[in-house]
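Worksheet for the structure shown next.
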2 protein chains.
Amino acid sequence: EKLLVTGVSLKKDEARVSLADIPDRPGIAAEVFERLAEKKINVDVIVQSTGKNNLNTISFTVPAKDLKDTEESLTSLVSTWGAGEITLDDKIAIVSAVGIGMKSHAGVAAGMFKALAKAGINIHMISTSEIKISCVIDKEHGEEAMRIIHSVFELDAN
Amino acid sequence: EKLLVTGVSLKKDEARVSLADIPDRPGIAAEVFERLAEKKINVDVIVQSTGKNNLNTISFTVPAKDLKDTEESLTSLVSTWGAGEITLDDKIAIVSAVGIGMKSHAGVAAGMFKALAKAGINIHMISTSEIKISCVIDKEHGEEAMRIIHSVFELDAN
Ligand SMILES: C[C@@H](O)[C@H](N)C(=O)O
Ligand SMILES: C[C@@H](O)[C@H](N)C(=O)O
């Protein structure tokens with residue numbers, strides 16, 4: 001399938017929240033997002049990988065302005081579970097390669113990850129959809145990541 | 001924003017691969033997907049949450065028929081890193097709530113996760129996009145998950 005990356009996007013106004021080592025049992029994810037929905041906090045990317053030893057980590061991004069509210073609404077939740085640790089990072093950028101035919105995206109993913117590796121940029125989170133591959137990286141590398149992904153996929157610098 | 005979940009989809013022909021406790025440094029994700037691209041393995045969902053202690057976990061799904069090839073191509077990679085553990089699961093289903101306006105999806109996410117919790121179904125992986133929220137669950141719960149998500153979002157059972 002001809003991989004067609006048509007553009008690169010960069011978001012720098014979001015913050016990352018992770019709930020690490022939380023119980024990996026039914027109902028936990030529901031409690032987290034019920035709290036956020038009550039506070040009307042907009043959530044963008046949500047990722048959860050597979051857990052281990054009955055513990056898991058859920059990471060998500062929120063508008064940087066809502067970071068304080070998010071932290072406050074989740075702190076009491078973590079203490080009721082008696083497990084877990086909240087970590088936050090507002091110095092992130094979300095860089096995305098956008099295009100069609102991402103479905104078979106091992107090739108596109110490899111290309112994007114190689115571009116970031118070449119620039120020595122560490123990938124903190126990964127999320128994919130049919131039309132997009134997104135990486136959370138340090139905010140200070142945002143523009144550089146855009147440039148290098150542009151050149152790797154031979155997009156005209158606009 | 002009126003959340004508009006228009007449907008539920010279920011995939012039962014994929015398998016989940018996780019590379020747990022791999023080095024969290026630039027270049028690692030690139031190596032994984034270069035191997036898979038060389039073998040022309042189609043990758044669907046890719047998720048990576050935030051790491052800890054310089055280690056991270058990348059999970060992704062491949063067609064169940066490619067599981068053996070995937071495992072073989074990554075085993076030698078893990079031994080060159082001297083860190084990490086490959087786990088596989090071909091008894092998974094990917095259930096997704098599909099709709100527009102997912103952007104502010106704390107409400108939709110909470111609804112979907114609550115539905116799965118009510119049925120006692122554990123969520124192994126989570127991935128979101130503008131139009132979809134996907135959960136990897138045990139294959140045996142696939143149909144039940146579809147039914148309960150249908151009823152929670154008041155979709156006509158079709
Ligand atoms: C960790 C969390 O996702 C849990 N597995 C749940 O089902 O809610
Ligand atoms: C774990 C892996 O994603 C690593 N952080 C990388 O940049 O490749």
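Naming: A, B, ... by sequence-line order, numbering from 1 per chain.
For Lys114(A), the parts sitting under 4.5 Å from any heavy atom of chain B are the backbone and the side chain alike. Looking at Ile121(B), the atoms closer than 4.5 Å to chain A (heavy atoms on both sides) all sit in the backbone: N, CA, C or O. Looking at Asp21(A), only its side chain comes within 4.5 Å of chain B, counting heavy atoms on both sides. With a 4.5 Å cut-off on non-hydrogen atoms, Glu38(B) does not touch chain A at all. Contact annotation for Arg16(B): only side-chain heavy atoms (C-beta onward) come within less than 4.5 Å of a heavy atom of chain A. With a threshold of 4.5 angstrom between heavy atoms, Ser18(B) approaches chain A through side-chain atoms but not through N, CA, C or O. For Asn122(B), the parts lying under 4.5 angstrom from a heavy atom of chain A are both the backbone and the side chain.
Proximity of Thr87(A) to Lys52(B): side-chain heavy atoms (C-beta onward) are nowhere separated by under 4.5 Å. A heavy-atom distance below 4.5 Å is not found between the side chains of Gln48(B) and Val47(A). Lys11(A) places a side-chain heavy atom less than 4.5 Å from the side chain of Asp44(A). Looking only at side-chain heavy atoms (C-beta outward), Arg147(A) and His150(A) stay at 4.5 Å or farther from each other. In this structure, Val136(B) and Glu14(B) have side chains that are not in contact, with every pair of non-hydrogen atoms separated by 4.5 Å or more.
One N or O on the side chain of Lys139(B) and one on the backbone of Lys12(B) form a donor-acceptor pair closer than 3.5 Å. Ser127(B) places no side-chain N or O within donor-acceptor distance of the main-chain N or O of Ser127(A), the cut-off being under 3.5 Å. Judged by distance alone, with hydrogens and angles left aside, the side-chain atoms of Thr128(A) form a donor-acceptor pair with the main-chain N or O of Ile46(B) at under 3.5 Å.
In terms of heavy-atom pairs under 4.5 angstrom with chain A, the leader among Ile28(B), Asp24(B), Leu36(B), Ile58(B) is Asp24(B). Among Ser59(A), Ala119(A), Ala20(A), the residue making the largest number of heavy-atom pairs under 4.5 Å with chain B is Ser59(A). Contact tally against chain A (heavy-atom pairs below 4.5 Å) for Gly27(B), Ala117(B), Ser134(B), Ala29(B): the top residue is Ala29(B). In terms of non-hydrogen atom pairs under 4.5 Å with chain B, the most contact-rich of Asn56(A), Thr50(A), Leu116(A) is Thr50(A). Taking chain B as the reference chain and counting heavy-atom pairs below 4.5 Å, the highest number among His124(A), Lys40(A), Arg35(A) is found for His124(A). Counting heavy-atom pairs closer than 4.5 Å to chain B, the top-ranked of the candidates Gly51(A), Cys135(A), Gly120(A) is Gly120(A).
Crowding of Asn54(B) atom CG: a count of heavy atoms from other residues, nucleotides or ligands under 6.0 Å not exceeding 12.
Cluster annotation: Val98(B) is not connected to Val45(B) through the hydrophobic network of ILVMFWY side chains, with a link wherever side-chain heavy atoms come within less than 4.5 Å. Linking Ile, Leu, Val, Met, Phe, Trp and Tyr whenever their side-chain heavy atoms come within less than 4.5 Å leaves Ile131(B) and Phe153(B) in two separate clusters.
Of all the heavy atoms in Ile22(A) and Gly84(A), the pair that sits closest is CG2-CA, 4.0 Å.
Chain B is approached within less than 4.5 Å, heavy atom to heavy atom, by no residue from residues 60-82 of chain A.
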